[in-house]
**Student:** 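The structure follows.
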Amino acid sequence: SANPANLWPLALTVATDIHESMAANFSAYVWWAIRRGYGLMTEDGVVSKRGYLMAQYSKFIRPGFVRVSATPPSNPDVAVTAYKGGDQVVVVAVNRSTSPQAINLDLFNSCATELSRITTSADKNLADDGVVTLVDGRAEVTLDAESATTFVSR
């Protein structure tokens, strides 16, 4: 296929598309063709980079969650959306820049003290990147170059 699902950073456009859909108040993002050379799974049934990028959202933002306000970072190459479900907060950050980017997370009005950090990038697939400790609901984090990172309150 001219647009294979594992071509990086082209696959990252899936995360950008989902971000833009959610920021525009869509209630869902549906990828119709699952097992294709350009899909969420490749022809051999293996999850593709596009599939992992969709999972940065779908695995952690569960039915019943709602999108909540998120201030856009000053860097135009970084896009952020946030979601809440019950006592859980999920923040997804997409860094389209070819270099790592620092952002400030500020979960005001949240009781969260720690966030799990999960990343998909050129060399990571839903990688557990450890725990981010919040101090007074805040932390500065550095996003990997050309990546999607999901932060989930613990």
Side-chain angles (χ1 to χ4, degrees), residues 1-42 46-86 88-110 112 115-129 132 137-153:
S1 145
N3 191 359
N6 288 313
L7 188 60
W8 199 264
L10 183 63
L12 191 58
T13 59
V14 167
T16 299
D17 290 347
I18 296 171
H19 161 79
E20 289 174 353
S21 298
M22 296 301 105
N25 292 321
F26 283 34
S27 58
Y29 180 93
V30 177
W31 188 290
W32 189 254
I34 297 296
R35 195 167 158 173
R36 298 280 188 266
Y38 54 82
L40 305 178
M41 291 172 55
T42 51
V46 175
V47 176
S48 69
K49 283 292 188 181
R50 287 184 174 155
Y52 284 114
L53 288 162
M54 180 178 266
Q56 290 285 151
Y57 291 86
S58 62
K59 184 172 179 167
F60 307 102
I61 303 160
R62 304 306 303 153
F65 277 46
V66 295
R67 191 174 63 82
V68 295
S69 179
T71 304
S74 57
N75 183 329
D77 288 332
V78 179
V80 174
T81 49
Y83 309 84
K84 191 170 187 327
Q88 196 163 50
V89 176
V90 177
V91 176
V92 184
V94 180
N95 178 17
R96 295 176 300 258
S97 173
T98 56
S99 60
Q101 297 297 317
I103 63 167
N104 292 307
L105 296 174
D106 186 347
L107 275 60
F108 50 86
N109 296 331
S110 168
L115 302 171
S116 296
R117 178 184 175 137
I118 302 94
T119 306
T120 295
S121 64
D123 58 354
K124 294 178 182 178
N125 295 325
L126 285 181
D128 179 348
D129 277 342
V132 173
R138 296 182 177 99
E140 181 177 304
V141 295
T142 300
L143 306 171
D144 291 0
E146 295 179 321
S147 67
T149 306
T150 305
F151 299 92
V152 182
S153 64

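These numbers come from a predicted model, not from an experiment. Numbering of residues begins at 1 and proceeds along the displayed sequence.
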**Student:** Only one of V90, V92, V132 clears side-chain contact (heavy atoms from CB on, under 4.5 Å) with F151; which?
**Tutor:** V132

**Student:** Pair Q56, I118 - check side-chain contact (heavy atoms from CB on, under 4.5 Å), show working.
**Tutor:** CA-CA 8 Å; Q56 290 285 151; I118 302 94; 4.0 Å; yes

**Student:** Which atom names give the shortest non-hydrogen contact between G39 and A5, and what distance separates them?
**Tutor:**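 Taking every non-hydrogen atom into account, O-CB, 3.0 Å.
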
**Student:** Is there a donor-acceptor contact under 3.5 Å from the side chain of K49 to the main chain of L40?
**Tutor:**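 Checked: no pair found.
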
**Student:** State, to 0.1 Å, how close T142 and P100 come at their nearest heavy-atom pair, and which atoms those are.
**Tutor:** CG2-CB, 3.7 Å

**Student:** Going by distance alone, is a donor N or O of one side chain under 3.5 Å from an acceptor N or O of the other, for N75 and Q101?
**Tutor:** yes

**Student:** I'd like to know whether L107 forms a side-chain contact (heavy atoms from CB on, under 4.5 Å) with L115, so could you lay out the CA-CA distance, the side-chain angles of the two residues, the decisive distance to 0.1 Å, and finally the verdict.
**Tutor:** CA-CA 10 Å; L107 275 60; L115 302 171; 3.9 Å; yes

**Student:** Determine the minimum heavy-atom distance between V68 and Y83, stating which atoms define it.
**Tutor:** CG2-N, 3.9 Å

**Student:** Mind checking the OG1-CG spacing from T150 to L126? Nearest 0.5 Å is all I need.
**Tutor:** 7.5 Å

**Student:** Would you confirm whether Y57, through its side chain, and A15, through its main-chain N or O, come within 3.5 Å as a donor-acceptor pair?
**Tutor:**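 Indeed, once roles are kept as given, a pair shorter than 3.5 Å links the two residues.
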
**Student:** Are side-chain heavy atoms of R67 and N25 found at a separation under 4.5 Å?
**Tutor:**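 With C-beta onward as the side chain, the pair touches.
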
**Student:** If we check side-chain contact (heavy atoms from CB on, under 4.5 Å) with R50, which of these qualifies: T120, L12, L10?
**Tutor:**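 Of T120, L12, L10, side-chain contact (heavy atoms from CB on, under 4.5 Å) with R50 is met by L10 alone.
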
**Student:** Against L143, only a single residue in V80, V94, T119, V78 fulfils side-chain contact (heavy atoms from CB on, under 4.5 Å); can you say which?
**Tutor:** V78

**Student:** Can you tell me if R96 uses its side chain to pair, donor with acceptor, with the backbone of P76 under 3.5 Å?
**Tutor:**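 Here the side-chain-to-backbone pair exists.
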
**Student:** Taking all non-hydrogen atoms of both residues, which atom of S21 and which atom of Y29 are closest, and how far apart?
**Tutor:** OG-CD1, 3.6 Å

**Student:** With sequence neighbours excluded, what pairs up with P9 under the side-chain contact (heavy atoms from CB on, under 4.5 Å) test?
**Tutor:** E146

**Student:** Supply the atom-to-atom distance I34 CD1 to T42 OG1, rounded to the nearest 0.5 angstrom.
**Tutor:** 12.0 Å

**Student:** What verdict does the side-chain contact (heavy atoms from CB on, under 4.5 Å) test give for Q88 and F60, after you've listed the backbone C-alpha separation in whole Å, the side-chain angles of each residue and the deciding distance to 0.1 Å?
**Tutor:** CA-CA 10 Å; Q88 196 163 50; F60 307 102; over 6 Å; no

**Student:** Looking at G86, is its backbone amide N or carbonyl O close enough to the side chain of K84 to form a donor-acceptor pair, meaning the two atoms are under 3.5 Å apart?
**Tutor:**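 The answer is yes, because a donor-acceptor pair under 3.5 Å joins these two groups.
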
**Student:** Distance check, rounded to the nearest 0.5 Å: T71 atom OG1 versus I103 atom CD1?
**Tutor:** 11.5 Å

**Student:** So K124 and D129, side-chain contact (heavy atoms from CB on, under 4.5 Å) or not? Walk me through it.
**Tutor:** CA-CA 10 Å; K124 294 178 182 178; D129 277 342; 3.0 Å; yes

**Student:** S147 side chain to T149 main-chain N or O, any donor-acceptor pair under 3.5 Å?
**Tutor:**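 Flag not set: sc S147 to bb T149 has no pair under 3.5 Å.
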
**Student:** Distance check, rounded to the nearest 0.5 Å: S99 atom OG versus D77 atom CG?
**Tutor:**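 Spacing of OG (S99) from CG (D77) equals 8.0 Å.
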
**Student:** Nearest 0.5 Å, please: how far is CG in L53 from CD1 in I18?
**Tutor:**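 The distance works out to 7.5 Å.
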
**Student:** Test your reading of the model: is there a side-chain donor-acceptor pair from R62 to the backbone of G85, 3.5 Å cut-off?
**Tutor:** no

**Student:** If you round to the nearest 0.5 Å, how far is OG of S48 from OH of Y38?
**Tutor:**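 Here the interatomic distance stands at 11.5 Å.
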
